[in-house]
Protein chains: 2
Amino acid sequence: MERSSTPSGGSTRREATRQKLYEAAVTLIAEQGFSATTVDEIAERAGVAKGTVYYNFASKSVLFEELLRHGVELLTASLREAAERTDRDGGTKVDALDAMIRAGLVFISRYPAFTQLYVAELWRTNRTWQSTLMVVRQQAVAVVEGVLREAVAGGELSDEIDIPLTAAALVGMVLVAALDWQSFQPERSLDDVHSALSRLLQGRVSGNR
Amino acid sequence: MERSSTPSGGSTRREATRQKLYEAAVTLIAEQGFSATTVDEIAERAGVAKGTVYYNFASKSVLFEELLRHGVELLTASLREAAERTDRDGGTKVDALDAMIRAGLVFISRYPAFTQLYVAELWRTNRTWQSTLMVVRQQAVAVVEGVLREAVAGGELSDEIDIPLTAAALVGMVLVAALDWQSFQPERSLDDVHSALSRLLQGRVSGNR
DNA sequence: TTTTTTGCACTGACTGGTCAGTGCAAAAAC
DNA sequence: GTTTTTGCACTGACCAGTCAGTGCAAAAAA
């Protein structure tokens, strides 16, 4: 029997409900943590019955894992796009790095709750979604590593730099600076924060300006 | 048999029990999070009866708050000590910054669980120990800000840098790089990680070597 | 056309289990 | 003699997950 459905398979209605659940869950979990957030709260915030959560997701953790995947896909897409745009415009790899820092800041200011939650869970061990988290982390860091590698290959950066460690440190710097910005000095502009970070990396990494 | 009492007044026995509870709680909470960790688990890991936990701490959250306070005191003491030692040895303020980066790495490698847990809780809102956390964060960041301020005053760093933001970014860089090091490449040496971070900050912040 | 059936999306009361915190008497340590 | 710890039974709130049932619109049958 033919039922009405979107071309890509999932019904629109269901997809909308899922989206509402993601949005409700992300803020609650960012504020309180995974374990302290109840499924009842998520359902209530989404304006949906508890049963609906379980109709759409196998369990509370599965909801969370899909939320993580979904969010990191947005982030990596945005980082990649920033790097590619810089390439197209004839910028250097170092310019691309700077553009990715800005893209990171834009992402974090748009989805602060997601970022919070990601940082809070990333280094935990012994959790069911640990493997999901690893995959997802690697996706994001790999984009930065790629640009660093190209910069080294093209002679823009010294080949003495440790690519994985430098990539992790860069990501960490942006993440923590941005979270601090959001939490403790939200009145500052993105340009402000971006230029402070660029300045911090002047000389070796981000070139003179 | 030697009869010793602590200089600070509390009985040694009680203090030892508290210490065992801190150690048990810090690893469990780092792994699982605060809400997912039960008091029974903490007691068992510490090799102590559940009643003892409540004899020594008013509640689970109070245990956690005192744990946070205790840990950050160790960290700030160690940062301050690194900066002062550099001063005594006639180093520049930039040298002091570098020494503090190293002290941060040493601390994190000695107390990885505490660091994990600190990062996981720092940007949460709506939690009872939020105010404790803010106080404690400010203590640590203030040490870095102080050295940055002195470096600017002494002309070692440009007076254009944004001190609070730069301090936060530095702390974040070290924190995230170190956690990544512990989690994903634990075989690397501290010197390795330290020199990668120094290199990242060459030119503007950490000088040439 | 009108009636009946089908399947999807959702609902919310209910259940079985978990866990923070209590109370207390006896033991151990000091 | 006092402080600290133990062991353990108990309570009550809270919560993840379940399930029988509802509303609805498209499809099939009449």
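A, B, ... follow the sequence lines: proteins, then strands. Residue 1 opens every chain. These numbers were taken from a predicted model, which means no experiment stands behind them.
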Checklist line | B:Q138 atom CD, over 12 foreign heavy atoms within 6.0 Å | finding: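 Enclosed.
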Margin query: For a side chain to side chain donor-acceptor pair (under 3.5 Å) check, start with the C-alpha distance between B:R199 and A:T166, then their side-chain angles and the critical distance, and finish with the verdict.
Written below: CA-CA 9 Å; B:R199 222 190 307 274; A:T166 305; over 6 Å; no
If you check every side-chain atom of [X], which of [options] has the closest atom?
| X | options | value |
| --- | --- | --- |
| A:K50 | D:dT5, C:dC10, C:dG12 | C:dG12 |
| A:R14 | C:dA9, D:dT5, C:dG12 | C:dA9 |
| B:R13 | C:dA20, D:dT3, C:dC10 | D:dT3 |
| B:S59 | C:dA9, C:dG21, D:dT3 | C:dG21 |
| A:Y55 | D:dT4, C:dA20, C:dC10 | C:dC10 |

Check: Which angle, rounded to 10°, do you find between the first-five-pair axis and the last-five-pair axis of the helix from C:dT1-D:dA30 to C:dC30-D:dG1?
Finding: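 Roughly 10°, once rounded to the nearest ten degrees.
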Next item on the list: Could you verify whether a donor N or O on one side chain and an acceptor N or O on the other, from B:S198 and B:R102, lie under 3.5 Å apart?
Entry: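 Absent: no donor and acceptor within the cut-off.
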Check: Strictly by modelled atom types, are B:Q19 and B:E15 linked by a side-chain donor-acceptor pair under 3.5 Å?
Finding: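 Judged by distance alone, the side chains do not pair up.
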Next item on the list: Using the six-membered ring wherever Trp is involved, compare the ring planes of A:F64 and A:W129 and label them parallel, tilted or perpendicular (cut-offs 30° and 60°).
Entry: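 Because their plane-to-plane angle is over 60°, the rings of A:F64 and A:W129 count as perpendicular.
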Margin query: Can you classify the ring geometry of A:Y111 versus A:F107 as parallel (below 30°), tilted (30 to 60°) or perpendicular (above 60°)?
Written below: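 Tilted: the ring planes of A:Y111 and A:F107 meet at 30° to 60°.
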Next item on the list: With a 4.0 Å heavy-atom cut-off, tell me which residues in residues 63-71 of chain B come close to DNA chain D, sorted by residue number.
Entry: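 Residues of residues 63-71 of chain B under 4.0 Å from DNA chain D: none.
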Next item on the list: Could you identify which residues of residues 23-43 of chain B place a heavy atom less than 4.0 Å from some atom of DNA chain D, listed by residue number, or say none?
Entry: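 Heavy-atom cutoff 4.0 Å gives no residues at all.
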Notebook entry, point to check: Would A:E44 and A:E41 count as a side chain to side chain contact (heavy atoms under 4.5 Å, CB included) if you check the C-alpha gap in whole Å, the side-chain angles of each, and the deciding distance to 0.1 Å?
Noted result: CA-CA 5 Å; A:E44 192 190 347; A:E41 277 177 313; 5.6 Å; no
